[in-house]
Amino acid sequence: MRSPILDYLDAIIEDTEHVVSGARADYIPELASADPDRVAVALCTVNGTVYASGDANHEFSIQSMSKPFAYALAIEDHGLEFVLDRVGVEPSGEAFNELSLDPETGRPRNPMINAGAIVTHALVGEDHRPAADRVLRLFSDLAQRPVEVDEGLAASELETGDRNLGLAYLLHASGGLEQDPAAAVAGYVRQCSANVTVRDLALMACTLANGGVQPNTGQRLFGRRTTRYLLSVMASCGMYDAAGDWLTSVGIPAKSGVAGGILGVLPGQVGVAVFSPRLDAHGNSARGVAMMERLSKDLGLHLMEPGRPARSSLRETRKEVVDGEPATVYVLQGDMVLSSIEALVHELVENTPSTHLVVFDMSRVDEVLPVARRTSAAMTAKLVDTGHRIILVDPEETVPEFQDSRGRAVERWTPERLERSQLQGGS
Ligand code: GLN
């Protein structure tokens with residue numbers, strides 16, 4: 001059975017088809033020839049299951065989405081104070097490759113713009129071990145597969161990389177970068193040329209949502225404090241000169257890359273990633289921003305939305321006799337948001353109920369977000385289509401009226417009727 005969460009992601013792709021504005025990055029020759037119509041979206045809740053749609057296995061370079069991870073490594077290695085002395089945390093309001101340092105402190109304004117990212121990259125080098133190799137190992141641990149550098153792309157960026165070289169020399173001259181400027185830029189460019197898919201990015205983002213622990217391997221890759229700190233910097237500086245607009249409209253810590261990817265994190269809940277190569281004037285994927293706006297709205301991801309519990313919607317599963325028939329009763333609870341409904345849908349897709357009769361007892365459910373309503377309706381329709389008899393106990397009518405593909409409506413019972421039937425079945 002196909003998960004309704006995948007159907008939802010397909011809809012995001014379909015509904016943003018009209019967004020064809022923007023242009024591929026052309027200052028890196030290889031990026032200028034990328035297929036502009038590729039598109040993908042993925043999400044991963046803190047339960048660790050990745051859902052992806054579109055060109056989900058298409059690889060593209062991580063680019064600036066690598067910056068937060070290198071920054072986290074630098075903090076873990078050297079401590080926050082040391083890193084703060086060298087790179088600030090103020091939004092610059094400038095483009096990602098601006099040739100400027102803070103006039104008062106002489107430091108790069110933040111680690112998300114290139115100046116700050118070059119310094120950060122240089123900080124994570126260990127004796128005789130190139131920093132890029134270390135960052136790649138980290139990416140592989142995050143994505144649970146070997147992540148590799150696209151060497152052709154890295155060479156292509158270096159050929160036209162005068163601007164980053166200029167920045168590195170400026171930093172070297174002002175004492176902010178000890179390393180040889182050309183070597184630092186070559187390493188930084190390799191870090192940016194690591195090839196990933198939206199699936200990888202969703203897992204990487206999810207690890208940040210999960211406080212630094214990779215949800216499937218259980219490996220702690222960053223400390224809790226580091227992760228919190230990093231997410232704050234992503235929220236204020238991740239989208240460059242569109243950061244303020246982003247925080248109000250989408251409202252999640254995020255980072256974009258010039259190959260067309262954007263990753264976003266809702267702490268405690270979910271990591272999301274999108275890909276589409278055409279960029280807007282700020283250097284952020286135009287269709288990617290549209291997909292993220294849609295995800296944020298549908299999934300209730302905005303950070304400033306009052307707290308949502310991340311616990312599962314499924315309170316218990318019971319086997320009992322209802323209406324004289326053996327039944328599987330799913331008792332649901334609390335607010336149904338994406339991360340809670342996902343756990344339920346995952347359970348239903350993996351362990352299809354063995355009884356013909358399936359009861360969803362929703363009398364303990366408080367609020368149901370639109371996405372959860374749609375997902376649960378779609379899930380119920382799939383169960384009806386596979387021959388199950390469904391009873392919904394839904395006094396608040398949180399799931400709308402609907403019919404399956406053969407026009408059969410689901411049965412709706414009151415909580416009292418279910419209780420009566422359970423008493424009879426048990427006696
Ligand atoms: N490698 C790119 C650069 O330094 C990364 C920029 C980006 O993704 N915004 O120009």
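Both ligands and their constituent atoms are indexed starting at 1 by order of listing.
- The N/O atoms of Tyr188, backbone and side chain alike, include one that comes under 3.5 Å of an N/O atom in ligand 1.
- Considering backbone and side-chain N/O atoms, Gly257 never comes within less than 3.5 Å of an N/O atom of ligand 1.
- If you check which protein heavy atom lies closest to atom 9 (N) of ligand 1, you get Ser64 OG, 2.8 Å.
- A donor-acceptor contact under 3.5 angstrom links the side chains of Tyr240 and Ser64, judged on distance only.
- Residue-ligand proximity, Asn114 to ligand 1, at heavy-atom distances under 4.0 Å covers atoms 3 (C), 4 (O), 10 (O).
- Ligand 1 places these atoms under 4.0 Å from at least one heavy atom of Tyr240: 7 (C), 9 (N).
- Scanning the protein for heavy atoms near atom 10 (O) of ligand 1, the closest one is Tyr27 OH, 2.5 Å.
- Between Gln63 and ligand 1, at least one pair of N/O atoms sits closer than 3.5 Å.
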Go through the steps for Asp298 and Arg373 under the test salt bridge (Lys or Arg N to Asp or Glu O under 4.0 Å), then give the verdict.
CA-CA 11 Å; Asp298 290 353; Arg373 187 171 305 145; over 6 Å; no

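- Each of the following atoms of ligand 1 lies closer than 4.0 Å to a heavy atom of Cys192: 1 (N).
- In summary, the atoms of ligand 1 found under 4.0 Å from a heavy atom of Glu157, numbered by their order in the structure, are 1 (N), 2 (C), 3 (C), 4 (O), 10 (O).
- Side-chain polar atoms of Asn216 and Gln144 form a donor-acceptor pair below 3.5 angstrom.
- Using the six-membered ring where Trp is involved, Tyr330 and Phe360 have ring planes that are parallel, under 30° apart on the 30 and 60° scheme.
- Remark: Glu94 CD is packed, more than 12 non-hydrogen atoms of other residues, nucleotides or ligands lying under 6.0 Å away.
- Every heavy atom of Asn97 sits 4.0 Å or more from the atoms of ligand 1.
- Donor-acceptor pairing under 3.5 Å is recorded for the side chains of Thr226 and Glu76.
- Counting heavy atoms closer than 4.0 Å to ligand 1, residue Val189 contributes nothing at all.
- Side-chain contact annotation: Asn114 with Asn97, donor-acceptor N/O pair under 3.5 Å absent.
- A salt bridge (charged side-chain N to carboxylate O under 4.0 Å, His left out) with Arg190 is found for one member of Glu151, Glu157, Glu148 and no other, namely Glu151.
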